[in-house]
Amino acid sequence: MQSDIDYYRTRAAEERARAAAAADPAVRRAHEAMAERYERGAAGEKLDLGIVERG
């Protein structure tokens, strides 16, 4: 479980960095939304898989 938390924390930080670097407001919002999702996962919330994650 700790490795999952580490993964979510790492991905949240990456998405926050991408949001900060994005020039397009829509892209910035998308990265912020993903960061929030990963932060919820790091906090222990069970995340449902969206259509993109299901593959």
Sorted by first residue and then second, give each side-chain hydrogen bond (donor to acceptor under 3.5 Å, both in side chains) pair with at least one member in residues 17-30; sequence neighbours left out. E15-R18

Please report the closest heavy-atom contact between A42 and I5, naming both atoms and the distance. O-CG2, 3.8 Å

Single hit among M34, H31, E36 for side-chain contact (heavy atoms from CB on, under 4.5 Å) with R16: E36

Distance in Å, R40 CZ paired with Y8 OH, rounded so as to fall on 0.5 Å steps: 10.5 Å

Who are the side-chain hydrogen bond (donor to acceptor under 3.5 Å, both in side chains) partners of E14, not counting sequence neighbours? R11

